[in-house]
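Letters A, B, ... are given to chains in the order of the sequence lines, protein chains preceding strands, and every chain is numbered from 1. These values consider heavy atoms only, across backbone and side chains, with no hydrogens, waters or symmetry-generated copies.
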Amino acid sequence: NAGVTQTPKFQVLKTGQSMTLQCAQDMNHEYMSWYRQDPGMGLRLIHYSVGAGITDQGEVPNGYNVSRSTTEDFPLRLLSAAPSQTSVYFCASSYHRDNEQFFGPGTRLTVL
Amino acid sequence: AQKITQTQPGMFVQEKEAVTLDCTYDTSDPSYGLFWYKQPSSGEMIFLIYQGSYDQQNATEGRYSLNFQKARKSANLVISASQLGDSAMYFCAMREANSGGSNYKLTFGKGTLLTVNP
């Protein structure tokens, strides 16, 4: 099993550009989440999903969209990148809400 | 008010000694779960231990144990026999059952940076 994979590992965008961060898992997990990690802030939940076709907002959803058309994939879309979205983004999945979340390796995004 | 508070930005411990990392939480939900994660300098997030609010016993996983004091709303992580490889950032997180939506929101603390000295 590859676990949770994220692409790209690094990305530089200009203000106003859009892009999609990819996340995939091969463990047949129903639960998936996107977090951002900023220095001194811990991890903050952006969006999450409890199954294909079901998504919900987390703590900091503004400027981001998600969809879940399959169990495996949970892409995160930045609609119009802003410097405030410079961060490290983690995708995570779990079998059940009380089970451990398996994290991907992260994507380091810089918005100029 | 913060839902998860980790009051120790940094901690130092000698190799082979035990260390306690503090975590307090704030919730009015009777059903919740508490997690601890480790983040080494390489950046990956590693799950350590889980405690459910209705669990009767404190959780243990190898050298990790969770000192769960429900009345005090604290869930401190105890690492016994520290190793150099334990040097990392440690995060406490909470899932509340009635956090709205589909009840899968995890809230993380800001973390404690543990340094193990030889």
Side-chain angles (χ1 to χ4, degrees), chain A residues 2-6 8-10 23 25 27 29-61 66 68 74 87-109, chain B residues 2-10 21 23-25 29 31-55 59 61-62 64 66 88-113:
Chain A
V4 180
T5 58
Q6 290 182 238
K9 285 189 167 51
F10 301 93
C23 174
Q25 52 90 10
M27 297 173 282
H29 287 170
E30 291 294 328
Y31 294 79
M32 296 187 74
S33 303
W34 274 103
Y35 298 90
R36 60 177 289 173
Q37 184 176 26
D38 302 297
M41 295 293 293
L43 277 77
R44 291 183 292 169
L45 182 64
I46 305 172
H47 286 286
Y48 65 99
S49 169
V50 298
I54 306 170
T55 63
D56 206 346
Q57 295 183 351
E59 182 184 353
V60 288
V66 292
R68 185 97 179 271
F74 191 42
S87 188
V88 179
Y89 291 84
F90 286 99
C91 178
S93 74
S94 66
Y95 175 71
H96 183 271
R97 66 183 190 187
D98 288 332
N99 292 123
E100 63 177 289
Q101 291 198 15
F102 291 83
F103 282 79
T107 294
R108 186 173 294 274
L109 176 68
Chain B
Q2 289 187 29
K3 285 188 174 293
I4 293 286
T5 302
Q6 294 181 253
T7 57
Q8 307 152 314
L21 306 183
C23 174
T24 57
Y25 57 92
D29 194 331
S31 176
Y32 52 90
L34 296 156
F35 299 78
W36 276 93
Y37 284 85
K38 170 184 177 182
Q39 187 178 40
S41 57
S42 52
E44 70 266 32
M45 294 289 291
I46 302 167
F47 166 77
L48 296 177
I49 198 165
Y50 167 78
Q51 179 86 42
S53 60
Y54 292 120
D55 292 344
E61 289 285 349
Y64 305 108
L66 202 150
M89 183 72 81
Y90 288 80
F91 292 99
C92 179
M94 176 175 66
R95 180 202 57 76
E96 298 171 277
N98 293 322
S99 54
S102 306
N103 304 329
Y104 187 53
K105 294 183 180 180
L106 267 192
T107 303
F108 281 78
K110 295 185 179 182
T112 295
L113 182 61

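- B:Leu106 and A:Tyr35 get closest at one heavy-atom pair: CB-OH, 3.4 Å.
- The local environment of CZ in A:Arg108 is sparse, with at most 12 non-hydrogen atoms from other residues, nucleotides or ligands closer than 6.0 Å.
- At a 4.5 Å heavy-atom cutoff, the contact between A:Glu100 and chain B is made by backbone and side-chain atoms alike.
- Heavy atoms of A:Phe90 lying under 4.5 Å from chain B belong exclusively to its side chain.
- At a threshold of 4.5 Å between non-hydrogen side-chain atoms, the residues A:Gln37 and B:Phe91 count as touching.
- To the nearest 0.5 angstrom, A:Ser94 atom OG is 10.5 Å from B:Phe47 atom CZ.
- Of the two parts of B:Gln39, only the side chain, counted from C-beta on, holds a non-hydrogen atom closer than 4.5 Å to a non-hydrogen atom of chain A.
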